[in-house]
Amino acid sequence: MAQRVQGTEDLFGGYMRAWQRMCDVGRELFGAYGFDAIETPALEQVDTFVHGIGESTDVVRKEMFRVFSGALLPEVLERGGEGHLKPRQRMAMRPEGTAGVVRAAVEHNFVPQGGAPVKLWYAEAMFRGERPQKGRLRQFHQVGLEWLGAEDPAADAECVIVLMEYFARLGFDPAKLRLTINSMGDATCRPAYRAAVRSFILDHADEMCDDCLERAELNPLRAFDCKNDRCRAVMEDAPKLGDALCDDCRSHYEQVKRYLDAAGIAYVEDPTLVRGLDYYTRTVFEVEVEGAGVGAIGGGGRYDGLMELEGGKPTPGLGWAVGFERIYLALQSLGVDLTGEGDSCVYVACMPEQRAAAFSATLALRQAGVRTEADYQGRSLKAQFKQANRLGARLCVVLGSDEVAQGVATVRDMASHEQVQVPLDELAAYVSARL
RNA sequence: GUGGGCGUAGCUCAGUUGGCAGAGCGCUGGGUUGUGGCCCCGGAGGUCGAGGGUUCGAGUCCCUUCGCCCACCCCA
């Protein structure tokens, strides 16, 4: 039997309704904050991700699905890699949403020099070649937004505010959410800080795990994320980002916090919070659900250097993304239903001799916009009622010989058991009014 | 990449020292000559993930393989 690819899922039934609901709630909320929808290709040139996300990140080094046309694949295999291909022939499935949106912004010059900021949101599938586990898939879905051209700390705060509002509208109890924030510095202060952390780790090399030693060279800040207790203990004494921030970054961070305070947003400062994508600068944040066991359900931050990395003019930017599958699991663990009820419907039941009349009545109801179901298996009236019940039909229209002879239909209210007779030519109007 | 767990009916799972493949739910027919949910009675539905081996005999033991779940890493 054919089966789906490892780490992928089919979205259907309540699961699909939950995804659609996440998109619908987002569209309404983000619209109020001035965000327009965008959809970028699932396929981008590899360099778009390498430049944006960073060569040293796991996402780029280990998790991207590379893509070649069937014509190029033999060539790649024979020559032992894609290095000889032209840049435009090296493609990858997007592992995250920001790089593609920023590439589009550069390519279409969404933010001309001195122009107004552009605000975009998306809801798309992402792809990462990891081993699947709870809340982690190889094809998963993120809703995210990007705000390009705004340097104001108010934008950082508003980003966080709209994120928390989104969670609230999806049904999360704000008390169960833990928002952590930090500032990662910028091009002025981070390189020196990075070097300081690197030498700190190397000075304590004999106390740290191999992973952290590797991190020292690739991305020293990530050592703060190490789960190893010994490494954690050592890193307690490492230089702190907060002490190393330049005046501009410190001032920016302070203002962001003031805006958050003013908006009544609860947050925890975590000086070790380091987002795993290299493009982040200054403000970063992450949201977890207590006890859900699915990791972070959302995260993001500022990326003032990213537009340049993608070949654009210097343009500040920031954004975040949330993971649909994790939010779905987290809400489930909190007992919140995101799946919604199926649309209420009407069932048309009939006796075999009246099938033609039922056919016409069904069509008339549907043309009036009423979700209508009927029997297509020639089953007994009893079975048809059972089916109507299972589908959650509010009304059941019965067409038997008596009804058709009189030019009427019996309409039964499934909950109250009330039955009334309605002339066939008024059926659609009557049913529409009742729903 | 590393380490655990699991593949038996549509779903959730039992299956004893190797001896006729089971239950609950769901589906379906009837109990009701034209009426659902509850109840009662009947029925259908299985290459036991796949391939090979041991055996008189394998869901069960051995080998191989595919797949899924969970954890580490990293991340949404």
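Naming convention: chains lettered A, B, ... in sequence-line order (proteins, then strands); numbering from 1 in each chain. Since we're looking at a predicted model, the values are computed, not measured.
To the nearest whole angstrom, the two C1' atoms, one in rG59(B) and one in rG46(B), are 11 Å apart. Rounded to the nearest Å, the gap between the C1' atom of rG51(B) and that of rG5(B) is 23 Å. Taking the C1' atom of each, rC63(B) and rG24(B) are spaced 36 Å apart, rounded to whole Å.
Residues Asp237(A) and His204(A) bring no donor and acceptor atom of their side chains to less than 3.5 Å of each other. Between Glu124(A) and His141(A), the side chains place no donor N or O within less than 3.5 Å of an acceptor N or O (distance only, hydrogens not considered). Between the side chains of Thr180(A) and Asp270(A), not a single donor N or O lies within less than 3.5 Å of an accepting N or O. A donor-acceptor contact closer than 3.5 angstrom is absent between the side chains of Gln20(A) and Tyr15(A). Using a 3.5 Å distance cut-off with no hydrogens or angles, the side chains of Glu403(A) and Thr410(A) do pair a donor with an acceptor.
Aromatic ring centroids of Phe35(A) and Trp121(A) lie 6.0 Å or more apart. Taking the six-membered ring wherever Trp is involved, the centroid distance between the rings of Phe110(A) and Trp147(A) does not fall below 6.0 Å. Taking the ring centroids of Phe30(A) and Tyr166(A), they lie under the 6.0 Å cut-off.
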* To do: For side chain to side chain contact (heavy atoms under 4.5 Å, CB included), just list the numbers for Phe385(A) and Arg379(A), CA-CA rounded to whole Å, side-chain angles, deciding distance to a tenth of an Å, and then say yes or no.
  => CA-CA 10 Å; Phe385(A) 267 87; Arg379(A) 302 211 281 195; over 6 Å; no
* Is there a salt bridge (charged side-chain N to carboxylate O under 4.0 Å, His left out) between Asp24(A) and Arg21(A) once you walk through the steps? -> CA-CA 5 Å; Asp24(A) 292 344; Arg21(A) 180 157 169 71; over 6 Å; no
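Across all strands shown, Glu325(A) has no heavy atoms under 4.0 Å from either base or sugar-phosphate atoms. Contacts of Thr57(A) with the nucleic acid, taken as non-hydrogen atoms under 4.0 Å apart, are absent. Contacts of Gly298(A) with the nucleic acid, taken as non-hydrogen atoms under 4.0 Å apart, involve only primed sugar atoms and P, OP1 or OP2. At the heavy-atom level, Arg131(A) lies under 4.0 Å from base atoms of the strands shown. Counting non-hydrogen atoms under 4.0 angstrom, Asp58(A) reaches the backbone sugars and phosphates but no base. Among the atoms of the strands shown, none is found under 4.0 Å from any heavy atom of Glu124(A). As judged by a 4.0 angstrom heavy-atom cut-off over every strand, Val59(A) is placed among residues making no nucleic acid contact. Within 4.0 Å of Ala296(A), counting heavy atoms only, lie sugar-phosphate atoms of the nucleic acid but no base atom. Within the nucleic acid shown, Leu391(A) has no heavy atom closer than 4.0 Å to any nucleic acid atom. Across all strands shown, Gly135(A) has heavy atoms under 4.0 Å from base atoms, whether or not it also approaches the sugar-phosphate.
Proximity of Gln3(A) to the phosphate of rG67(B): no side-chain N or O atom is located under 4.0 Å from OP1 or OP2. Note on Arg275(A): a side-chain N or O is less than 4.0 Å away from OP1 or OP2 of rA76(B). Phosphate contact (OP1/OP2 of rC68(B), side-chain N/O of Gln6(A), threshold under 4.0 Å): present.
Annotation: side chain to side chain donor-acceptor pair (under 3.5 Å) contacts involving residues 381-393 of chain A, sequence neighbours excluded, comprise Gln387(A)-Arg390(A).
Listed for the Arg302(A) side chain is no donor-acceptor partner under 3.5 Å among the backbone atoms of Arg282(A). Listed for the Tyr267(A) side chain is no donor-acceptor partner under 3.5 Å among the backbone atoms of Leu179(A).
Considering Ile53(A), Leu318(A), Leu306(A) in turn, Leu306(A) is the only one that fulfils the side chain to side chain contact (heavy atoms under 4.5 Å, CB included) rule with Thr98(A).
Between Asp402(A) atom CG and rU35(B) atom P there is a gap of 12 Å when expressed in whole angstrom units. To the nearest angstrom, C1' of rA76(B) lies 14 Å from CG of Leu331(A).
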Under 3.5 Å, N/O pairs linking protein and nucleotides 42-49 of chain B:
none

Find every protein N or O atom lying less than 3.5 Å from an N or O atom of nucleotides 27-31 of chain B, and list the pairs.
unit_1  : atom_1 : unit_2    : atom_2 : d
rC27(B) : OP1    : Arg390(A) : NE     : 2.6
rU28(B) : OP1    : Arg379(A) : NH1    : 2.5
rU28(B) : OP1    : Arg379(A) : NH2    : 2.9
rU28(B) : OP2    : Arg390(A) : NH2    : 3.1
rG31(B) : N7     : Lys382(A) : NZ     : 3.2

Each nucleotide N or O in nucleotides 10-12 of chain B that has a protein N or O under 3.5 Å away: list the pair and distance.
none

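In this structure Arg138(A) satisfies the side-chain hydrogen bond (donor to acceptor under 3.5 Å, both in side chains) test together with Gln6(A), sequence neighbours excluded.
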* **Secondary structure of RNA chain B in dot-bracket form (Watson-Crick or G-U wobble, distances below 3.5 Å, | marking inter-strand pairs)** => (((((((..((((.....[..)))).(((((.......))))).....(((((..]....))))))))))))....
